[in-house]
Structure formats: structure tokens, C-alpha cells
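Written out below as C-alpha cells is the structure these notes cover.
Side-chain atoms are counted along with the backbone in the values below, which use heavy atoms only and exclude waters and symmetry mates. Not measured: the values here are computed from a predicted model.
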Amino acid sequence: MIRVRFVSADESETREVEAAEGAILLEVAQNAGQPLEGTCEGQMSCSTCHVIIGGEDFARLPRASEEEEDMLDLAIGATRTSRLACQIVLDASLDGITVRMPPEHRDMQGR
């Protein structure tokens with residue numbers, strides 16, 4: 001099992017969950033009640049599953065694809081350690097990863 005720590009945008013709440021190796025971070029977040037929409041189901045046609053990875057943990061992730069980088073350009077509140085949760089597959093190298101929710105969230109209808 002892989003441990004994932006979710007931190008609220010204002011850093012007032014932290015929730016640690018366990019996920020199976022091979023799980024997609026977006027699905028883990030949604031199952032943990034985190035506010036990520038992910039309406040494109042991993043096809044990278046939206047940026048509603050944008051998350052901010054903890055600085056030290058960011059270096060453990062594989063490099064983002066060019067397509068993911070393009071989608072992150074559309075994300076609200078993106079930082080230099082932002083990634084799309086639909087593109088992160090959890091494995092043992094990511095055990096203990098910290099993920100922060102972005103400061104603003106907007107679904108595909110702009111809400």
C-alpha cells in the first residue's frame with residue numbers, strides 16, 4: 001500500500017490515506033473526498049484534477065508529458081510543482097507523497 005497525504009488549500013486540514021500500487025492519484029483523491037473533478041477521465045482534455053505536489057515529492061515523479069504541461073497552462077492556481085492527478089500512477093517510489101489542493105477550484109461549467 002502507498003501512503004498519500006492530502007492537504008487542504010488553506011493547509012488547515014490534512015488527511016492521510018492508503019492506496020494500492022498502480023492506483024491513479026485522481027481516483028484516490030476522489031475516494032478520499034478531495035475536491036477534484038477530473039471530468040475528462042484521464043484523457044487530458046481538461047485541467048480540473050490539478051494538484052500541487054510537495055517540493056521534495058515533486059522530484060520523485062516522472063517528468064510530465066508535453067501534453068500534460070500544455071493542460072497545466074490552463075489550470076487555475078498552477079505552481080511550478082503542479083501536476084494533473086489523472087496522470088500520476090502510484091508506485092512504491094511515491095510512498096508518503098504529499099498533495100495539496102489548489103487554492104481555487106472550478107469545474108468545467110466555471111463554478
Worksheet item: Same cluster for Val4 and Met1 if Ile/Leu/Val/Met/Phe/Trp/Tyr side chains link at under 4.5 Å?
Response: no
Residue pairs meeting salt bridge (charged side-chain N to carboxylate O under 4.0 Å, His left out), one or both in residues 86-98, sequence neighbours left out, come to Arg3-Asp95
Rounded to the nearest 0.5 angstrom, the CZ-CD distance for Phe6 and Glu16 is 10.5 Å
Same cluster or not: are Ile52 and Leu72 linked, directly or through other Ile, Leu, Val, Met, Phe, Trp or Tyr residues, by side-chain heavy atoms under 4.5 angstrom apart?
no
inquiry  = Between Val89 and Val28, is there shared hydrophobic-cluster membership here, with clusters defined by ILVMFWY side-chain heavy atoms closer than 4.5 Å?
reply    = yes
Nearest heavy-atom contact between Leu90 and Ala19 is CD1-CB, 3.8 Å
For His50 and Ser82 the tightest heavy-atom approach is NE2-OG, 2.8 Å
Residues 71-87 vs salt bridge (charged side-chain N to carboxylate O under 4.0 Å, His left out), sequence neighbours excluded, gives Glu68-Arg83
All heavy atoms of Cys49 vs all of Cys86, minimum pair found to be SG-N, 3.3 Å
OG1 (Thr48) and CE (Met71) are apart, to the nearest 0.5 Å, by 8.5 Å
All heavy atoms of Leu36 vs all of Ala29, minimum pair found to be CD1-CB, 3.6 Å
When Ile2, Leu94, Val51 are each screened for side chain to side chain contact (heavy atoms under 4.5 Å, CB included) with Leu25, the one that passes is Val51
ask   = Are Ile24 and Ile88 close enough that some pair of their side-chain heavy atoms sits under 4.5 Å apart?
value = no
Rounding to 0.5 Å, atoms CG (Leu26) and CD (Glu37) come to a distance of 10.0 Å
Residues pairing under salt bridge (charged side-chain N to carboxylate O under 4.0 Å, His left out) where one sits in residues 47-63, two or more places apart or in two chains, turn out to be Asp57-Arg60
- prompt: Can you get from Val7 to Ile53 by hopping between Ile, Leu, Val, Met, Phe, Trp and Tyr side chains that sit under 4.5 Å apart?
  reply: no
One should read off an interatomic distance between Glu66 CD and Glu69 CD, to the nearest 0.5 angstrom, of 8.0 Å
d(Gln34 CD, Arg15 CZ) to nearest 0.5 Å is 7.0 Å
